[in-house]
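Quick notes on the structure that follows.
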There are 4 protein chains.
Amino acid sequence: MEPRGESPQLQSVRTAVVGASGYSGQELLRYLSRHPVFKLCLVTSRQNAGQSLSQSISGLPRELGALTFVDAAPGAALAEQADLFFLAVPHGTAAPYVVALRAAGKTVVDLSADFRTTDPAVYKEFYGHDHPAPALLPEAVYGLPEIHRERLKSAKLIAAPGCFPTSIILPLAPILRAGLLEPDSIVVTSLSGVSGAGRKVELRLLFGEVNDNMYAYGVPRHRHLGEIEQELSLAARSQVIVTFAPHLVPIHRGMLSTITARLSRSATDADLHAVLREAYGREPFVEVLPAPELPEARHVANSNRIQIAARVDARTNRLMLFSSLDNLGKGNASQAIQAANLAWGLDETLGLA
Amino acid sequence: MEPRGESPQLQSVRTAVVGASGYSGQELLRYLSRHPVFKLCLVTSRQNAGQSLSQSISGLPRELGALTFVDAAPGAALAEQADLFFLAVPHGTAAPYVVALRAAGKTVVDLSADFRTTDPAVYKEFYGHDHPAPALLPEAVYGLPEIHRERLKSAKLIAAPGCFPTSIILPLAPILRAGLLEPDSIVVTSLSGVSGAGRKVELRLLFGEVNDNMYAYGVPRHRHLGEIEQELSLAARSQVIVTFAPHLVPIHRGMLSTITARLSRSATDADLHAVLREAYGREPFVEVLPAPELPEARHVANSNRIQIAARVDARTNRLMLFSSLDNLGKGNASQAIQAANLAWGLDETLGLA
Amino acid sequence: MEPRGESPQLQSVRTAVVGASGYSGQELLRYLSRHPVFKLCLVTSRQNAGQSLSQSISGLPRELGALTFVDAAPGAALAEQADLFFLAVPHGTAAPYVVALRAAGKTVVDLSADFRTTDPAVYKEFYGHDHPAPALLPEAVYGLPEIHRERLKSAKLIAAPGCFPTSIILPLAPILRAGLLEPDSIVVTSLSGVSGAGRKVELRLLFGEVNDNMYAYGVPRHRHLGEIEQELSLAARSQVIVTFAPHLVPIHRGMLSTITARLSRSATDADLHAVLREAYGREPFVEVLPAPELPEARHVANSNRIQIAARVDARTNRLMLFSSLDNLGKGNASQAIQAANLAWGLDETLGLA
Amino acid sequence: MEPRGESPQLQSVRTAVVGASGYSGQELLRYLSRHPVFKLCLVTSRQNAGQSLSQSISGLPRELGALTFVDAAPGAALAEQADLFFLAVPHGTAAPYVVALRAAGKTVVDLSADFRTTDPAVYKEFYGHDHPAPALLPEAVYGLPEIHRERLKSAKLIAAPGCFPTSIILPLAPILRAGLLEPDSIVVTSLSGVSGAGRKVELRLLFGEVNDNMYAYGVPRHRHLGEIEQELSLAARSQVIVTFAPHLVPIHRGMLSTITARLSRSATDADLHAVLREAYGREPFVEVLPAPELPEARHVANSNRIQIAARVDARTNRLMLFSSLDNLGKGNASQAIQAANLAWGLDETLGLA
């Protein structure tokens with residue numbers, strides 16, 4: 001199962017995870033603990049500072065579990081301690097780290113949304129304030145390897161996307177590129193597991209509030225719509241805006257997206273399947289399911305895989321796209337590593353099998 | 001909390017539940033055990049025949065728990081034993097009971113889909129075979145009290161709808177009647193708790209298959225679309241066909257439907273809310289939620305209530321409707337009792353508070 | 001189903017719930033909203049002050065939902081506003097309310113642990129500080145109706161027990177009274193749903209931490225052992241100390257206790273069953289299950305009932321007792337109302353059917 | 001993370017899984033798909049015969065997913081197709097396979113209970129009928145590596161234990177060997193996830209029956225007590241019988257056991273911890289937790305690890321032992337592979353990291 005790329009001459013890369021007490025951070029640590037090249041040397045967390053990793057994360061190898069969380073402010077002192085930095089800090093707080101680390105020439109994979117929109121006006125529209133570091137936006141590469149692989153190979157600042165964008169952009173992009181749908185007719189419903197909201201200590205995230213419950217939220221203008229529409233517009237080569245309804249469901253890991261749009265010309269299930277197979281047939285982490293299979297959350301749990309399927313609703317002349325991924329995996333931590341592998345010139349699958 | 005209509009002169013009605021070993025049947029028994037007029041005198045189940053009710057259903061009053069399940073074939077002998085019959089048998093098996101019971105003049109509330117479509121051609125389209133008793137279709141009344149209240153008052157055969165139709169028709173009907181949306185643009189996503197699939201002993205319904213999992217199914221042509229489009233077309237006074245994506249989520253009770261459609265004319269959140277309030281403001285079991293509230297599954301669990309909310313997505317010129325109900329309650333058993341109350345000339349809320 | 005005691009001449013009792021934003025408080029409100037005599041006139045919550053009840057609790061009747069949470073400090077002003085007070089505040093914070101309300105002659109049902117141990121030394125042993133109002137301990141009556149019914153009939157201060165004590169004391173008391181077990185051999189394992197921990201906004205209670213997880217905690221000296229051993233010793237007429245292992249399991253409502261002890265003399269399943277039936281055969285809320293039935297959490301969910309069963313393990317000469325209850329119901333809110341019914345001279349089952 | 005033992009000269013072993021459609025079988029396939037030596041060449045399942053593995057098990061490498069389930073009867077033809085056989089068939093159906101495979105000289109790891117008790121009389125006591133192949137019992141080795149490592153190194157027939165025995169024997173054995181407890185005072189409570197019951201299509205295992213529910217079962221004489229007491233007696237060098245209360249809880253994977261016994265002499269938490277550390281300090285898959293940590297189900301999910309902790313209850317002079325494991329991992333499939341590694345002379349951790 002170890003990728004071919006793992007040969008003795010590969011040099012270790014000093015790797016840091018900044019903000020590692022949340023679900024994203026923990027998942028990064030689990031994946032990185034098995035990575036043959038990216039070697040953890042620094043793990044920061046304000047909340048867990050002074051504790052050993054094994055106190056809050058189980059199943060780590062002993063030498064890694066003995067590492068201690070430190071509290072590190074953005075700055076040159078932090079930058080000196082590693083060469084590759086994964087930022088798993090909350091949206092809006094990554095920018096100062098990025099500025100300091102890029103000033104020191106370090107490679108940064110930012111899992112927050114801070115550098116995902118290329119246009120600072122779009123950032124302001126969805127986040128309500130000016131972008132904190134617009135000068136760095138041009139060098140940020142959106143971290144979807146299946147879409148931006150070539151640019152990622154030379155990226156120094158990767159804006160790793162989250163679960164909603166990944167689960168929506170990957171199914172839609174090839175269909176948009178093929179001109180098979182009417183771009184103004186896209187309606188997306190996503191079901192998100194609770195880990196997508198992070199490990200925040202909030203009333204609404206208590207077991208007693210989530211179990212046996214479900215609801216839509218964040219409608220009609222979820223803050224991740226900006227980056228979603230940016231990437232869909234790139235694929236369509238025209239402005240795309242979508243109706244988006246996210247839902248919370250009582251599951252920890254997992255995201256399911258169901259996308260409908262009006263067909264722009266006649267097509268069959270087989271036609272859609274062929275377009276998706278053409279786009280993703282050789283991708284190591286994308287499974288295009290043949291009918292009658294449909295994506296399921298458990299099929300991709302604890303993995304970097306995404307499942308995609310397509311159907312035509314001939315009665316209404318619409319297509320239906322379905323995707324499932326692990327919102328801590330392909331929707332977050334493991335995809336960030338996939339992008340970092342590319343940026344470091346490594347086999348893209350390293351540490352992810 | 002006891003309804004005004006409960007006065008001493010109300011005579012008991014001999015009531016039977018046919019097929020009471022499933023989740024629908026059990027829920028009927030729980031509601032009927034508290035009903036002041038409908039008095040259970042007969043409970044049938046092939047599977048549990050010979051057992052006392054308390055062996056398979058907890059929390060029943062003692063005298064009711066002592067009642068024994070019997071195995072009763074459709075026919076005149078069955079018809080003699082009660083005056084009001086609730087049928088909780090699988091789709092496709094209700095017709096022989098309905099024929100025999102109506103021949104004996106009895107009132108029947110059929111919770112299966114057998115008599116929900118008025119047009120036998122639609123039945124054949126969605127169920128794949130000829131309707132087994134087309135002669136009875138004209139007298140069947142679709143059991144949605146908020147839509148067909150007047151006809152239900154004299155109904156002898158009630159076709160009680162299930163969870164998907166109830167959660168979709170109630171939010172959409174007033175908006176369609178008001179002409180606020182383009183009828184060919186409706187897209188519906190529904191999230192269903194597992195109890196909606198019944199108490200079938202099937203691999204896919206095991207805890208190990210459902211927990212930590214979710215998926216879409218039954219696309220693009222779920223068999224309940226026939227009745228859904230029939231009722232939406234009635235409200236719109238024109239043919240309506242919809243794109244429908246049902247999903248299974250890891251919850252026992254509960255259904256959430258999210259509906260989008262293109263606005264046919266400019267409207268605000270307040271406009272939509274006003275239309276819904278106008279339609280349902282005095283309904284005892286419909287809650288129209290003001291912004292920023294959105295329906296939640298737990299808010300309606302174990303009740304006959306449905307929550308509805310509406311939003312405008314100004315960016316895409318679409319409306320979004322949201323509903324939640326208990327798929328064993330307003331989506332099934334308690335709504336059937338609500339309809340039966342009407343048919344028997346009783347206060348509609350009897351036994352449902 | 002309405003109890004015989006509900007006759008027109010019953011006068012309403014002005015009733016208050018203090019600290020109603022937690023799970024206990026919400027459950028009290030749900031039960032009280034259906035109570036024919038205890039009429040809610042005051043609901044306090046620091047956290048929700050100013051909000052209407054319906055904003056945080058669904059399914060309340062409209063007139064009750066319109067009531068507003070107020071923030072009320074302990075004192076005479078509070079005491080004037082009602083005649084019966086339910087305190088649903090955290091352990092350790094009830095005493096000032098009790099002092100003020102009793103000074104004003106009001107009846108108090110305290111759901112915290114503050115007045116459950118009659119001996120202030122035991123309180124200090126388990127809570128680590130002096131009892132805040134020892135002068136009131138002598139008048140407090142432990143609120144287990146099946147054990148202290150006569151004293152509850154004249155109680156002015158009821159110390160309502162929680163889920164662990166109720167689920168352990170009720171099965172054991174009759175067996176101890178009958179001298180059937182060796183008092184120093186009792187081992188108790190309890191599985192608690194998360195609602196037993198309250199609606200605290202803490203990391204360990206997040207869905208992501210509870211779902212798919214379980215663990216023992218609070219060993220070997222859980223703070224509720226003091227009251228448990230107090231009541232068991234009363235039943236045994238000798239000092240009883242027990243080994244107790246509480247566990248958290250991924251369920252919201254429900255508690256299951258499994259109790260073992262060495263038989264002091266030969267006994268059969270039937271002997272144990274007879275002792276329990278003799279003790280509880282006429283109790284409205286205690287179900288003694290005949291073999292082969294064993295208690296289940298779902299059988300008592302949303303009710304004031306407790307299920308109990310007993311078995312002999314002839315191979316090891318031990319008895320096994322099993323109980324299940326709803327830790328917000330018989331283990332908390334509804335049992336508090338049962339005790340209050342007794343204290344007010346009402347039918348014990350009022351509002352609880 | 002790859003074990004040192006993985007060197008190029010290791011020859012592949014033709015490996016079969018018999019009965020691979022259940023949860024145990026699927027878990028075996030997942031672990032074996034990553035095993036560097038045991039190479040799957042045959043997978044049998046009556047139920048799934050003719051299907052590819054990838055149709056029922058997600059996440060397998062492509063070449064493995066393409067393998068087809070076959071339906072194979074016990075016999076010489078089956079024996080020829082592999083050299084190492086894992087049997088994941090139901091209890092009571094393994095014996096004919098074992099007889100045929102051992103007659104052909106093949107190594108067999110039987111995950112059923114058929115060969116776990118060395119005394120056929122004990123087998124008859126707990127299973128109610130004569131042992132089907134008593135002549136093979138002497139060569140069967142109980143598959144707990146931490147207890148029977150030396151005998152496993154030359155084993156040809158491994159009786160791999162299930163989750164209850166593993167979770168109970170491992171914590172107790174060192175304490176019994178040290179003579180720290182009174183052997184007639186042991187009381188065990190185990191909480192089992194649903195996967196422990198297998199992937200049986202039974203009403204009691206439906207999501208609707210398990211979710212929000214929990215209960216004790218199989219008391220007082222669970223059929224796995226025979227092997228548990230056999231192994232505990234070996235450790236104690238005297239006859240041990242225990243009181244055992246298994247429980248089902250709403251979780252898929254995971255087992256938690258809580259064990260109490262009277263101390264035979266004075267001891268502290270540190271004493272118990274030292275005994276466990278002495279026994280397991282160098283074991284790769286046993287984590288002895290220091291106070292105040294206690295085992296949790298999630299810490300060992302999807303792994304071959306077991307967590308163990310001990311406490312003294314000074315008030316009652318009892319010790320408390322706690323363990324957690326994944327009932328498809330260390331309690332089943334991965335432990336079977338650990339034992340097979342030993343039997344094949346490999347590094348014990350191969351394929352399990």
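Letters A, B, ... mirror the listed sequences (proteins, then strands); counts begin at 1.
- For D/L191, the parts lying near chain C are the backbone and the side chain together; criterion is any non-hydrogen pair under 4.5 Å.
- Across all their heavy atoms, C/R298 and D/E209 have their closest contact at NH1-OE1, 2.8 Å.
- When heavy atoms are compared at a cutoff of 4.5 Å, C/T243 approaches chain D by way of both its backbone and its side chain.
- For D/E229, the part lying under 4.5 angstrom from a heavy atom of chain C is the side chain only.
- Closest heavy-atom contact between C/N213 and D/I251: N-CD1, 3.5 Å.
- The number of heavy-atom neighbours closer than 6.0 Å to CZ of C/R277, taken from other residues, nucleotides and ligands shown, is 12 or below.
- When only modelled atom types and interatomic distance are considered, C/T189 and D/T258 share no side-chain donor-acceptor pair under 3.5 Å.
- Within the 4.5 angstrom heavy-atom criterion, atoms from both the backbone and the side chain of D/D184 approach chain C.
- Nearest heavy atoms, D/D313 versus C/V242: OD2-O, 4.1 Å.
- At a threshold of 4.5 Å between non-hydrogen side-chain atoms, the residues C/M214 and D/P250 do not count as touching.
- For chain C, no part of D/L248 is nearby; none of its heavy atoms comes within less than 4.5 Å.
- The contact between D/P295 and chain C is made entirely by backbone atoms, counting heavy-atom distances below 4.5 Å.
- What you find for D/M320 and C/F244 is that their closest heavy atoms are CE-O, 3.6 Å.
- Both the backbone and the side chain of D/R315 come within less than 4.5 Å of a heavy atom of chain C.
- Interface check for chain D: of the options C/R221, C/H299, C/H247, C/R253, the most heavy-atom pairs under 4.5 Å are formed by C/H247.
- Of all non-hydrogen atoms in C/L256 and D/A216, the two that sit nearest each other are CD2-N, 3.9 Å.
- The residue among C/N317, C/V312, C/V219, C/V249 with the most heavy atom pairs within less than 4.5 Å of chain D is C/V219.
- The two residues C/Y217 and D/L294 make their nearest non-hydrogen contact at CA-CD1, 4.0 Å.
- The 12-atom threshold is exceeded at CZ of C/R30, counting heavy atoms of other residues, nucleotides or ligands nearer than 6.0 Å.
- Looking at C/R311, only its side chain comes within 4.5 Å of chain D, counting heavy atoms on both sides.
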